[in-house]
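Just so it is clear: chains get the letters A, B, ... in the order the sequence lines come, proteins before strands, and each one is counted from 1.
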There are 2 protein chains.
Amino acid sequence: MLNSTSLIAEARTKLEGYLLKKGLRRSSERFAILEEVYSRDDHFDAEELYQAMHQRSFAVSRATVYNTLEVLVDCHLVRKNQFGDEDNTKSRFEKSLGRQQHAHLICVNCHRVMEFCDPRLQLIKNTVGNMLQFHVESHSLVFYGECSDAACVARTKAAAEHANLQEGKTA
Amino acid sequence: MLNSTSLIAEARTKLEGYLLKKGLRRSSERFAILEEVYSRDDHFDAEELYQAMHQRSFAVSRATVYNTLEVLVDCHLVRKNQFGDEDNTKSRFEKSLGRQQHAHLICVNCHRVMEFCDPRLQLIKNTVGNMLQFHVESHSLVFYGECSDAACVARTKAAAEHANLQEGKTA
DNA sequence: GTCAATGCAAAAGATTTGCACAAGT
DNA sequence: ACTTGTGCAAATCTTTTGCATTGAC
């Protein structure tokens, strides 16, 4: 298992190789954004990354954030997710180097994101490719449900009771 | 297996029951939209539904389309999907009555949508719920890859050759 | 020096919202 | 009659784009 220091070093090297191969420029913004991405362990959106870069006093524009995230996704240093939970319109990103593909669990109440690996998914992937003559490149598996975090459960229960009262009134 | 005539009848009945239970009104728009949804076999977005309603000469506003789709999703007559392919920002919908949950395959080249069922997914679902103390309500499994449609393959191959030329020039 | 990358602000596209009117209860 | 649903247009939110400037090569 790689520690986070060598992980970022490996990521930097990989990005460098990719940029050279593609004839893209090794701008300081690209490496600074990579640094920020690899310093985080969460599933962040473009705006959060933008804000974090500003707090880290390496201010980049939103355009550069979006542009660079696309580059990082292209060279497989970042994975892009579309979780269809509360905010169906924005993408969430995570670093990918040294981390195997995993499923995501989204709590429909508190929007917490959890991760889960299951080797059976790989078997399904193989079957689907063969059956439908489809060359599978990647996948996304998301489970939606209710997490067991105490605060979330309490909040949800209270909200449900409130909703029942409302329903009782109108029905 | 239900035919489409009885399917729509069942859907209408179910919607009626849901609206009554919730104290919502049985507006003609809601039933007309349900009708349109159940007459289709594809994965459509809100705008396509809006346009279809206008061609069917039952003009409804976009606001009503969005509002009604939410109602139909709530009562499980419609499923809402976020496929993160070409258009990461819009949702695609499909009727759900009488159709089991399935995985989707999205061709990254032509954006064709295919469906696929695998019982092993259910097993994963059970495992994940138990392991992480998470009550799974629903899921979304999407495979991205290249389909084997002749026209799509030819188009993609031509595009790839063009891209290689470009890369050769700059690198 | 050249051309791609950045920053900014404006544009675009999907969805939501506020308000006046229509219609289901 | 009462109050929710609808229609319209404006607002919102994320992401993309155009253009002038900066910086990597």
Side-chain angles (χ1 to χ4, degrees), chain A residues 15-16 18-34 43-51 53-54 57-75 78 80-93 166-167 169-171, chain B residues 15-34 36 43-51 53-54 57-75 78 80-93 166-167 169-171:
Chain A
L15 176 56
E16 196 149 18
Y18 175 84
L19 295 175
L20 284 171
K21 192 185 72 181
K22 290 275 186 177
L24 302 172
R25 292 175 181 173
R26 287 166 291 168
S27 71
S28 56
E29 287 84 356
R30 284 175 174 159
F31 288 96
I33 290 175
L34 180 72
H43 299 78
F44 55 90
D45 60 45
E47 183 65 20
E48 285 165 348
L49 182 56
Y50 171 80
Q51 296 298 343
M53 293 301 292
H54 280 249
S57 66
F58 195 111
V60 292
S61 70
R62 285 192 182 78
T64 300
V65 167
Y66 281 102
N67 166 38
T68 302
L69 282 172
E70 195 183 328
V71 169
L72 296 178
V73 169
D74 269 1
C75 62
V78 166
K80 180 176 183 174
N81 305 292
Q82 275 359 118
F83 302 141
D85 59 328
E86 100 246 63
D87 197 329
N88 87 62
T89 161
K90 78 178 147 204
S91 299
R92 295 208 246 160
F93 302 86
Q166 293 299 99
E167 197 174 323
K169 261 190 240 163
T170 48
Chain B
L15 175 57
E16 197 148 17
Y18 175 83
L19 295 174
L20 284 170
K21 192 185 72 181
K22 290 275 185 176
L24 301 173
R25 293 178 180 169
R26 286 165 293 168
S27 71
S28 57
E29 288 83 356
R30 285 173 174 161
F31 287 97
I33 289 174
L34 180 71
E36 172 62 28
H43 299 78
F44 55 91
D45 60 46
E47 183 65 20
E48 285 165 349
L49 182 56
Y50 171 80
Q51 297 298 343
M53 293 300 292
H54 280 249
S57 65
F58 194 111
V60 291
S61 70
R62 284 190 183 77
T64 299
V65 167
Y66 282 102
N67 166 37
T68 301
L69 282 172
E70 194 183 328
V71 169
L72 296 178
V73 169
D74 269 0
C75 63
V78 166
K80 179 176 183 172
N81 306 292
Q82 263 10 113
F83 301 141
D85 58 329
E86 100 247 62
D87 199 330
N88 87 63
T89 163
K90 78 180 147 202
S91 299
R92 294 208 246 160
F93 302 87
Q166 293 299 100
E167 197 173 323
K169 261 190 240 163
T170 48

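Applying the salt bridge (Lys or Arg N to Asp or Glu O under 4.0 Å) test to pairs two or more places apart or on separate chains, none has a residue in residues 64-74 of chain B.
B:Leu69 places its CG atom 16 Å from the P atom of D:dG5, with the value rounded to the nearest Å. Going from atom CZ of A:Arg62 over to atom C1' of D:dT16 covers 13 Å, rounded to whole Å. Following rounding to the nearest Å, A:Lys90 (NZ) and D:dT16 (P) show an atom-to-atom distance of 15 Å. Distance CD (A:Glu70) to P (C:dA4): 16 Å, rounded to an integer number of Å.
The phosphate of D:dG5 has OP1 or OP2 within less than 4.0 Å of a side-chain N or O from B:Arg30. Distances shown here put a side-chain N or O of B:Asn67 below 4.0 Å from the OP1 or OP2 atom of D:dT6. B:Tyr66 has a side-chain polar atom (N or O) that falls below the 4.0 Å cut-off from OP1 or OP2 of C:dT15.
Projected onto DNA chain D by closest heavy-atom contact, B:Thr89 and B:Thr64 fall at different nucleotides, the more 5' of which corresponds to B:Thr64.
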Q: Do nucleotides 20-25 of chain C as a string where each nucleotide becomes B, S or -: B if the base has a protein heavy atom under 4.0 Å, S if just the sugar-phosphate does, - if no protein is that close.
A: ---BBS
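Salt-bridge formation is not detected for the pair B:Arg92/B:Asp45: no Lys NZ or Arg NE/NH1/NH2 atom is positioned less than 4.0 Å from an Asp or Glu carboxylate oxygen. Taking 4.0 Å as the cut-off between side-chain N and carboxylate O, B:Lys90 and B:Glu47 do not count as a salt-bridged pair.
Within the 4.0 angstrom heavy-atom criterion, no nucleotide atom of any strand lies near A:Asp45.
Under the rule for a side chain to side chain contact (heavy atoms under 4.5 Å, CB included), the partners of B:Lys80 that lie at least two apart in sequence or sit in another chain are A:Asn88, B:Val73, B:Gln82, B:Ser91, B:Phe93. In this structure A:Thr64 satisfies the side chain to side chain donor-acceptor pair (under 3.5 Å) test together with A:Ser61, sequence neighbours excluded.
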Sub-3.5 Å pairs of nitrogen or oxygen atoms, protein against nucleotides 17-20 of chain D:
none

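The overall bend of the helix from C:dG1-D:dC25 to C:dT25-D:dA1, read as the angle between its terminal helix axes built from five base pairs each, is 30° when rounded to 10 degrees.
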